[in-house]
Amino acid sequence: MSELFRRYGTGMTLTMLAGVAVWVLAMVVLPYFVMVEYSFHPNLTVVEMGGPKDHYTLENYAALFRGVDLLHWDFPDDFRVFLRTMWGASLVTFICLLVCYPVAFYLAKVATPERTAFLLLILVIPFWINEILRTFSWYILLAYSGPLNIVLKALGIIDAPVRWLSGSAGVLIGMTYAFLLFMMFPLYNALETLDRNQIEAARDLGAPTWRIHWRVVIPHAKPGIAVGCIMVFVLAASSYVVPALLGSPGTRWFTETIYSWFFEAQNWPLGSAYAFILLGLCVAFILLMMRLFRVGLTDIAK
Amino acid sequence: MQASRASDRLLQIYLGVFLVYLFLPLVIMAAATFNTSRFPTVTPWLGTTTRWFEALYNDAGMWVALENSFIIGFFVILVSVPLGVAAAVVLNGVHARARSLLYAVMVSPLLTPGVIIGISTLVFWDRLGVKGGLHLAVIGQSSFITAYVMLMVLARLQRFDTSLEEAALDLGASHGQVFRRILAPHLKPAILSGAVLAFFQSFENYNTTLFTRGTDTTLTIYIASKVRTGLTPAVNALGLILILVTVVGAVAYEVMRRRESARERAALRNAERADMEALQIA
Amino acid sequence: MSQDVVLDHVTMRFGDFTAVRDINLTVKAGEFFSFLGPSGCGKTTILRILSGFTEPTEGQVRIGGRDMAGIGPNQRPTALIFQNLALFPLMTVWENIAFGLEVRGVSKEKRRKRAMELLDLIAMPDAADKRISELSGGMKQRVAIARALAVEPKVMLLDEPLSALDLKLRQHMRAELRAIQRRTGVTFIYITHDQGEALTMSDRVAVMSRGRIEQVGAPSDIYDAPRTPFVATFVGENNRFAGTVASVEGGVARVDTPAGPLAGKAGEGVRPGDPAVLFVRPERMRMGQACPNQLSARIHHVDFEGSFANLFLAGPGGGELIVQASNDGALPSLSPGIELSLGFPPESAVVLPASAEAAA
Amino acid sequence: MTKRDNEAGLVSRRGLIKTGAAAAALTVASPAIIRGSLASSGAMNFLGWAGYDEFPRVFAQFEKKTGIKINFTGYGSQDEMVAQAKTGAATNGSFDICEPTSDRLLSWTDNDFVQPWDEKRMNIDGVDPAFLQGGAADALKVNGKRYGASSVWGSESLTFHAKEAPMVYGKASLMDLWDDKYAGKLTLRGHSGLVAIGRGLDAQGKLPHKFEDSFKDEAKMTANYDEILKFALAKRKNVAQFWSNENEAQGAFRTNGCTVGMCWDTSAAALMKEGFPIGYIAPVEGTVCWLQNFVLLKGAKNLEQVYAWISWINSPEGGAAWAAAYGANSTSKGAVDLADANAKKFFQTAYPGDALKKLWWWPAQPSWFITKRTEYAKKFMSA
């Protein structure tokens with residue numbers, strides 16, 4: 001804090017602190033507190049609120065875990081969806097990493113600077129289009145009698161149309177697509193700082209390509225990988241539009257569960273409790289990843 | 001060298017596949033615009049038409065929604081960019097322990113389902129007597145968009161050479177002058193891209209806006225409501241127009257940038273040559 | 001009123017660590033003064049204290065008799081040139097130079113005029129509208145100086161500004177810096193770990209070690225008459241012979257060393273019976289001449305440098321000796337394995353107490 | 001045409017019987033009634049369904065007639081409307097009326113979001129008598145007070161590909177959807193699907209309690225739904241896609257390879273209009289119908305304007321316009337005759353024979369039921 005005052009002077013520092021206070025307090029913490037409050041109450045009609053039925057309870061938080069039976073490996077519905085979301089988000093993260101790594105490597109170390117600049121610009125274009133439209137295009141593409149099946153069938157690769165949208169394929173493809181950039185840019189930034197000579201040196205020593213990547217490139221890109229993984233995981237876990245449009249009911253996402261508690265069931269306390277559990281877990285995941293990969297907070301932003 | 005050439009070739013092929021993956025949905029979306037089918041699809045192809053552009057033109061509700069989206073986006077930039085810059089600067093300057101906590105609070109809106117942000121914003125401000133409307137949508141959206149701006153500015157801030165600040169101070173600049181003349185210009189690219197990101201995040205937002213918008217409709221809300229009653233390719237037509245505008249903008253920017261960097265490189269070469277000559281004279 | 005810079009009992013502590021210890025020093029107006037020392041010796045801290053970015057824990061800084069306590073960097077009559085120059089990358093050359101005037105509210109025309117004058121001074125009259133990224137290393141250097149001069153400082157503080165340049169350019173810039181200093185008459189306080197820079201440019205040099213000033217003096221004093229073992233070893237090459245002082249007579253000390261008894265000028269605090277070290281420069285060692293100080297050593301390595309050669313020898317005490325032999329035609333006979341007879345006159349050697357070396 | 005004339009169901013029969021003079025007279029008279037009794041200016045704030053392009057035209061028509069301007073705000077689902085009310089943003093005077101379906105009326109009354117209607121001021125005579133008594137009418141009243149003013153109705157029924165999965169009225173049953181030959185070809189809504197199974201099983205006598213009792217008693221509901229879920233899970237493979245909006249329902253048939261479904265009439269009508277070989281008929285168990293109605297919000301400020309609107313909706317002209325905007329059916333007398341030919345034709349093929357006599361109205365759903373049904377639907381869908 002004293003550094004702030006030293007660097008920016010009293011007036012400026014106070015102005016900035018006031019701005020941050022407005023954002024953090026009036027726009028985040030205090031409004032959230034309303035929902036936190038909700039999450040510790042039973043679900044009541046508006047009439048009953050503050051009445052005799054109203055009391056503080058941890059019930060909504062406990063609800064997610066009620067019926068979890070580790071002995072028989074049996075989980076209640078919401079919890080299963082929750083686990084599936086965590087697993088699915090991890091899978092999306094991993095696929096994103098696989099898909100982006102070669103491209104990021106190409107951009108950072110193989111392509112000419114002009115080409116890289118151009119490709120980076122191109123990468124961003126699809127993300128200017130409304131998420132609903134973008135995802136809906138995938139629905140059209142992947143539909144049972146959609147163009148993908150038609151083309152594959154015409155090429156003789158498949159005999160009968162494939163239901164891409166009924167398994168997890170739709171969600172995985174759509175989400176990987178939606179969050180690509182959040183993996184691409186951290187990876188690219190990390191790889192860009194790798195000295196090309198290191199690769200050449202390793203190659204001179206006779207290392208095969210895969211080993212160069214495994215021993216030289218990937219270790220160097222570790223902070224980028226960590227940051228990308230955190231971003232994608234978090235976005236995937238809290239994504240709503242993609243699973244709603246491309247997911248089959250079998251790949252229901254936890255956010256959809258939260259929404260259905262909020263809307264279909266009009267159970268706000270439970271919905272908020274679930275949302276805060278998700279929020280807490282995402283924060284925990286970030287901290288864990290940062291510990292595991294030894295990246296500092298400051299790296300996250302890059 | 002041979003191995004490297006082969007793997008580079010493989011990489012290029014992969015890049016091609018990747019670009020196809022990237023643009024396929026856009027192609028589909030664009031193609032569906034010209035299908036007669038009332039449902040935006042390419043299969044079955046019911047005939048080629050441009051009537052969806054006409055439909056788009058005549059869709060008064062859509063234009064009103066688009067206008068609202070622009071208004072909200074504009075004000076979201078106005079709110080979230082200064083706040084995001086301030087947040088990044090403060091975060092960068094506070095003590096390590098406070099920084100972790102502050103960071104967690106600041107990024108939490110990014111991890112929170114939009115419905116929570118929307119409802120909490122609406123309920124909180126309602127208690128203070130502020131009703132829903134475009135202004136509240138701006139507040140609700142800014143609460144998480146500020147975090148995006150903060151992240152972008154923070155990244156740039158970390159590449160800031162603090163000696164520039166000190167140099168300016170040393171030359172007699174006041175703190176305000178240092179900020180205006182030195183730090184702000186350095187942050188400009190991040191601020192600009194933060195503003196662009198803020199606009200598109202705002203433009204695209206559904207869940208938060210749904211609750212805070214009061215009686216107004218934004219484009220995304222409009223599109224989502226169309227999904228319920230049946231989307232038509234008029235929406236695709238709008239998407240196509242937006243893509244084309246951005247592509248043209250991007251290409252123009254790229255051309256300008258290339259020209260500029262070529263000029264700079266040439267100037268640097270001249271300077272170095274001059275230096276060598278000076279040495280020879282000396 | 002004289003614009004001397006006075007450091008009065010200045011001490012700087014960061015927590016448990018003392019970066020600068022009780023510095024007392026006066027830099028005279030118009031002087032080119034250097035702080036020379038290895039990295040971490042506290043010289044940069046002194047610069048930051050002088051420029052006002054840090055306040056000393058104890059003591060006082062006075063410039064022109066005025067106490068600088070509580071006066072921020074933007075209000076001091078100093079201008080700092082940063083190690084990395086810290087030129088503003090987003091401004092043109094002339095905007096950089098005129099920045100100090102801009103923040104003082106000087107009109108644009110006057111600013112531009114002054115910038116052009118300074119550009120003439122640094123011999124870059126055509127560079128006004130260039131960008132910083134378009135400049136070479138040497139040009140950037142000169143722009144940084146012009147930018148600092150623009151605010152007409154009483155004192156210019158330079159933090160190893162040449163360290164980023166390549167060797168040739170560095171040597172060229174030394175002369176140029178000196179010339180600019182002479183022309184402007186501004187006090188230059190220069191910080192470096194490069195003794196060559198310090199010795200060639202400065203009127204006076206302060207050698208620093210571990211937060212303390214070891215010696216202040218003209219470059220030739222520092223080189224020829226080091227007052228502490230640290231100065232003797234840090235500035236230039238030196239052969240050292242450790243031993244016990246046998247006698248001190250008429251300013252000459254005799255030391256019993258493993259290489260035999262050797263004599264040199266007695267430094268401060270050298271007393272008979274105390275352990276001491278005798279230092280002699282490689283270029284002062286003579287081959288095959290009869291001198292009061294005689295020893296023999298075997299060559300194990302020769303570095304041929306053109307006009308001279310460095311001979312590395314295994315000394316009698318097991319230590320390594322270096323002798324600089326000028327290329328007078330006899331060099332080819334000097335090859336590894338040869339046993340040489342060496343000598344040096346006592347005036348060429350300095351004897352300093354070993355206790356000071358241990359304490360340093 | 002002939003079939004319907006002969007065996008006209010209750011709604012259309014009443015509608016048709018009173019055509020001609022009566023309807024014509026009303027059409028002419030209603031503007032006069034409205035003009036005479038109510039203020040001819042001001043505005044009204046309406047929280048309703050988003051996504052219907054024709055609304056502005058209807059509002060313009062109304063404004064031209066009465067001078068009353070309607071400020072409309074659309075929401076994509078009634079869940080969102082209830083949520084809006086729950087935040088207090090709908091009942092603070094910002095809005096005057098909302099238009100939920102009758103089965104969800106309890107969400108509004110339990111939370112005290114609404115106030116009862118004054119039947120005297122709403123041109124109640126204009127309402128088709130079918131909606132003034134019986135199952136449909138009961139759903140609009142709570143504790144004997146009228147909270148719902150009916151507007152339009154529609155159905156959710158068997159939708160099929162005419163060539164690949166033809167169905168015939170009289171034979172087609174809700175249970176046909178679960179035929180193994182449609183495995184991987186079925187589309188429906190999660191909770192509606194369970195209702196379909198429930199009604200099918202009930203008809204076969206395989207439920208522990210009457211299916212309708214599920215809406216009244218939590219224990220019976222659980223007992224019934226456990227059975228229903230068991231059946232649903234066993235047949236889960238049949239479902240190719242669950243739909244939750246018009247787009248998804250149409251997409252299922254258009255591009256996603258579905259051949260049977262339980263869908264809204266509007267989805268089927270839209271598909272047919274573009275020449276898809278799609279059929280839509282009532283099952284032998286009776287069509288599941290929804291009834292939409294206006295509720296008067298607490299804090300409503302523009303009562304006169306609101307009653308003018310309701311009165312107009314209850315006139316043939318207003319009813320027909322409103323129903324046409326939705327692509328649904330009006331609850332006002334004589335409105336059906338003003339519907340366009342396409343709509344009439346669709347209506348006739350969808351409800352042939354005695355179908356209109358066997359309409360099954362969604363019963364009122366208390367909040368405990370909604371919570372429970374959501375849980376069951378989730379289990380079904382995510383299985």
Side-chain angles (χ1 to χ4, degrees), chain B residues 85 93 95-96 153 156-193 256-282, chain C residues 48 51-53 72-91 95-105 123-124 126-127 129-142 144 147-148 150-151 153 157 159 165-166 168-169 171-173 175-176:
Chain B
V85 172
H95 215 267
V153 173
R156 178 101 186 142
L157 202 56
Q158 262 143 24
R159 267 176 272 150
F160 180 63
D161 177 3
T162 47
S163 68
L164 295 183
E165 243 170 46
E166 295 190 338
L169 271 183
D170 191 62
L171 291 167
S174 67
H175 291 287
Q177 284 169 326
V178 172
F179 193 90
R180 245 192 342 274
R181 291 289 280 133
I182 309 297
L183 190 60
H186 171 80
L187 295 179
K188 202 168 99 182
I191 291 174
L192 280 183
S193 45
M256 254 169 51
R257 201 191 57 76
R258 277 190 194 192
R259 228 175 258 169
E260 179 67 4
S261 74
R263 196 185 69 77
E264 245 176 68
R265 268 200 308 279
L268 182 60
R269 267 198 304 278
N270 288 340
E272 266 158 7
R273 200 176 308 134
D275 236 24
M276 293 314 291
E277 280 161 13
L279 271 180
Q280 269 150 23
I281 294 161
Chain C
R48 292 183 69 81
S51 56
F53 286 110
N74 45 2
Q75 279 142 12
R76 293 195 180 191
T78 59
L80 178 61
I81 294 188
F82 289 74
Q83 186 163 10
N84 65 356
L85 305 181
L87 293 175
F88 307 129
L90 302 172
M91 299 183 196
E95 284 174 327
N96 258 280
I97 293 174
F99 182 79
L101 304 173
E102 179 190 333
V103 299
R104 284 171 174 76
M124 287 172 61
D126 304 325
D129 296 308
K130 290 212 160 103
R131 293 193 182 196
I132 296 304
S133 59
E134 296 169 12
L135 299 183
S136 70
M139 287 171 159
K140 284 182 189 162
Q141 193 68 63
R142 282 177 279 178
R147 183 178 73 178
V151 298
L157 306 165
D159 185 4
L165 302 181
D166 61 41
K168 262 197 144 165
L169 202 53
Q171 283 167 350
H172 175 70
M173 284 307 296
E176 200 150 319

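Values below: every heavy atom of this structure, side chains too, minus hydrogens, waters and symmetry copies. Note on naming: letters A, B, ... go to the chains in the order of the sequence lines (proteins, then strands), and numbering restarts at 1 for each one.
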Please examine the side chains of B/Ile182 and C/Met91, heavy atoms only from C-beta on, and report whether any two atoms are closer than 4.5 Å.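 A side-chain contact exists here, since the closest heavy-atom pair is under 4.5 Å.
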What parts of residues 163-171 of chain B touch chain C if we use heavy atoms and a cut-off under 4.5 Å? B/Ser163, B/Leu164, B/Glu166, B/Ala167, B/Ala168, B/Leu169, B/Asp170, B/Leu171
Please look at [X] and chain B and tell me whether the side chain, the backbone, both or neither of the residue comes under 4.5 angstrom of a heavy atom of that chain.
X	value
C/Leu80	both
C/Ala148	backbone
C/Arg147	both
C/Leu87	backbone

Interface moiety of B/Arg269 toward chain C, non-hydrogen atoms closer than 4.5 Å: neither
Top contributor to chain B interface from C/Ala175, C/Ser51, C/Ser133, C/Pro89 [non-hydrogen pairs under 4.5 Å]: C/Ser133
Value rounded to 0.5 Å, distance of NZ in B/Lys188 from CG in C/Leu90: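 The NZ atom of B/Lys188 sits 8.0 Å away from the CG atom of C/Leu90.
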